Amino acid sequence: MTSPFVAVAGATGQLGPVRLNTDPSRTAALRECGVNIIPVDLADQRRLTQELTGATCVVSTLQGLANVIHTAQGTLLDAAVAARVPRFIPSDFALDFTKTQPGSNRNLDLRRQFHQALEQAPIASTSIFNGGFMGLIGSDSPMVNHKKGKVMYVGSATQLLDLTTIADTAAYTAAVAADTNPTPRFLRIAGDVISAQGIADAAGQVYGKTYQPSWMGSVGFLEGGIRVLRLFGGQDQIMPVWQGMQYMANIFSGTGKLDPLDNDRYPELKWTKVVDFLQEEKNKR
């Protein structure tokens, strides 16, 4: 008899760290940890069903457009149902799209549309919303300008933002996947809940100089810019410029805000605050 296991689809990505033709170097660390790596064609439902048989949970970390979120993830869901897997965790790691307006964010709309099939499937599911990944304020992010000591924002500098590191999101997802108790339909987490002013204060504490929030316009002005940029294409890209702007509009308008938070569901987990993240970023420089 096969021992129970959790299956992760897309394990070579940042959140899951398997696809066919994946460079062996990307799976070496996983193999060293004792993870069983099985490259599978995500269009092959029969093979997926075979490999998922015996799993207690399927975690999807697949990222892409409709051909991935709808088609590939849909085949994964069908295989999980066929294999009688008890629970499915879809690739919903983002803002709370149950609260955002349809049409305001193309990538969130794809996930919302997938839920129409998920809700009809005879399998328990749990979506994990983590807000924005904390990399939004990382060294390569346009949000924090270390040279000029500015934190860019739209709308209000006091609007609270939900930010979570990839590592913390992955740890929480692993806890949900391994949980032997029933889990809610939606779980919401945030490593830190902080405003642009709070980010400026944290950056000042870490770097020992003054950072100021820098207003880039209203949320409405940003939404107008999105409409203009979409006229120039990018629909076939996962993250065109206007898509990133859509996330910022959802974040700074507060429409994707996570409430209530479920951080305390697994008290053994620790959460990375913005000041800790910035300190880690500084140490890498």
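Values in this document were obtained by computation on a predicted structure and should not be read as measured data.
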Response to the item:
Rounded to the nearest 0.5 angstrom, the CE-CG distance for Met143 and Leu136 is 7.0 Å
Worksheet entry | Minimum side-chain heavy-atom gap Val81-Pro122 below 4.5 Å | yes
Practice prompt. Can you measure from CD1 (Ile199) to CE (Met152) and round to the nearest 0.5 angstrom?
Written response: 12.0 Å
Discussion item. Quick test of your reading of the model: are Lys99 and Asp96 salt-bridged, counting only N-O distances below 4.0 Å?
Written reply: yes
Worksheet entry | Stepwise side-chain contact (heavy atoms from CB on, under 4.5 Å) check, Arg84 with Thr53 | CA-CA 7 Å; Arg84 299 185 179 182; Thr53 299; over 6 Å; no
Worksheet item: Do Phe114 and Val85 belong together in a cluster built from hydrophobic side chains that touch within less than 4.5 Å?
Response: yes
Worksheet item: Under a 4.0 Å N-O cut-off, is there an ion pair linking Asp162 with Lys257?
Response: yes
Listed pairs under 3.5 Å, donor-acceptor, residues 215-230 side chains, sequence neighbours left out:
residue: Trp215; atom: NE1; partner: Gly155; partner atom: O; Å: 3.0
residue: Trp215; atom: NE1; partner: Gly217; partner atom: O; Å: 3.0
residue: Ser218; atom: OG; partner: Phe221; partner atom: N; Å: 3.0
residue: Arg230; atom: NH2; partner: Gln235; partner atom: OE1; Å: 3.4

Item to complete: State the OG-CZ distance between Ser156 and Phe252, to the nearest 0.5 angstrom.
Response: 9.5 Å
Worksheet entry | Check: Ile194 main-chain N/O paired with Asp192 side-chain donor or acceptor under 3.5 Å | no
Discussion item. I need the Asp264 CG to Ile189 CD1 distance, nearest 0.5 Å.
Written reply: 12.0 Å
Item to complete: Determine whether Pro184 and Leu187 make a side-chain contact, defined as any pair of heavy atoms from C-beta on separated by less than 4.5 Å.
Response: yes
Discussion item. Closer than 3.5 angstrom, by distance alone: can the side chain of Ser104 be matched with the main-chain N or O of Thr100 as a donor-acceptor pair?
Written reply: no
Worksheet item: In terms of ring plane angle, is the pair Tyr211 and His146 parallel, tilted or perpendicular, where the classes change at 30° and 60°?
Response: perpendicular
Worksheet entry | Val193 side chain reached by Leu261 side chain, heavy atoms, under 4.5 Å | yes
Practice prompt. Would you confirm whether Thr75, through its side chain, and Gln45, through its main-chain N or O, come within 3.5 Å as a donor-acceptor pair?
Written response: no
Item to complete: Taking Asp168 for its side chain and Thr272 for its backbone only, find out whether a donor-acceptor pair lies under 3.5 Å.
Response: yes
Discussion item. For Gln243, is there any backbone N or O sitting under 3.5 Å from a side-chain donor or acceptor partner on Asn107?
Written reply: no
Discussion item. Can you classify the ring geometry of Phe129 versus Phe97 as parallel (below 30°), tilted (30 to 60°) or perpendicular (above 60°)?
Written reply: perpendicular
Fill in: Neighbour count above 12 (heavy atom, 6.0 Å) for Lys209 NZ
yes
Worksheet item: Is it true that a side-chain atom of Lys284 and a backbone atom of Gln279 form a donor plus acceptor pair closer than 3.5 Å?
Response: no
Worksheet item: Hey, mind stepping through Tyr172 and Asp262 against side-chain hydrogen bond (donor to acceptor under 3.5 Å, both in side chains) and telling me if it holds?
Response: CA-CA 10 Å; Tyr172 192 91; Asp262 299 290; 5.3 Å; no
Response to the item:
Only one of Leu110, Leu62, Ile238 passes side chain to side chain contact (heavy atoms under 4.5 Å, CB included) with Val68, and that residue is Leu62
Worksheet item: Between atom OG1 of Thr183 and atom CD1 of Ile128, what is the distance when rounded to the nearest 0.5 Å?
Response: 8.0 Å
Worksheet item: Below 4.5 Å, heavy atoms only, C-beta onward: do Lys150 and Pro213 meet side chain to side chain?
Response: no
Fill in: Flag, side chain of Arg87 to backbone of Pro182, donor-acceptor distance under 3.5 Å
no
Worksheet item: Can you tell me how far OG of Ser91 sits from CD of Gln73, rounded to the nearest 0.5 angstrom?
Response: 6.0 Å
Worksheet item: Just wondering, do Phe5 and Thr56 contact through their side chains at under 4.5 Å, heavy atoms?
Response: no
Discussion item. Suppose we screen for side chain to side chain donor-acceptor pair (under 3.5 Å). Which residues come up paired with Gln101, at least two apart in sequence or across chains?
Written reply: none
Discussion item. Arg285 vs Glu281, test: salt bridge (charged side-chain N to carboxylate O under 4.0 Å, His left out). Steps then yes/no.
Written reply: CA-CA 7 Å; Arg285 290 188 163 197; Glu281 288 284 295; over 6 Å; no
Discussion item. One pair to check against salt bridge (charged side-chain N to carboxylate O under 4.0 Å, His left out): Arg188 and Asp259. What are the steps and the verdict?
Written reply: CA-CA 7 Å; Arg188 299 168 174 88; Asp259 184 51; over 6 Å; no
Practice prompt. Test Ile137 against Phe277 for side-chain contact (heavy atoms from CB on, under 4.5 Å), laying out the working first.
Written response: CA-CA 9 Å; Ile137 61 171; Phe277 176 81; 3.9 Å; yes
Worksheet item: What's the verdict on side-chain contact (heavy atoms from CB on, under 4.5 Å) for Ser127 and His115, showing C-alpha distance, side-chain angles and the deciding distance?
Response: CA-CA 10 Å; Ser127 293; His115 274 236; 3.1 Å; yes
Worksheet item: Can you check whether Gly191's main-chain N or O pairs, donor with acceptor, with Thr164's side chain at less than 3.5 Å?
Response: yes
Discussion item. Applying side-chain hydrogen bond (donor to acceptor under 3.5 Å, both in side chains) to Gln113 and Gln116, what does each step give before you reach the verdict?
Written reply: CA-CA 6 Å; Gln113 292 156 7; Gln116 296 175 10; over 6 Å; no
Worksheet entry | CA sep, side-chain torsions, deciding dist, call: Ile123, Val58, side-chain contact (heavy atoms from CB on, under 4.5 Å) | CA-CA 11 Å; Ile123 188 172; Val58 171; over 6 Å; no
Discussion item. Check this for me, if you would: do Asp109 and Arg112 make a salt bridge, where the nitrogen-to-carboxylate-oxygen distance has to be below 4.0 angstrom?
Written reply: yes
Worksheet item: Between Asn105 (side chain) and Leu108 (backbone), is there a donor-acceptor pair under 3.5 Å?
Response: yes
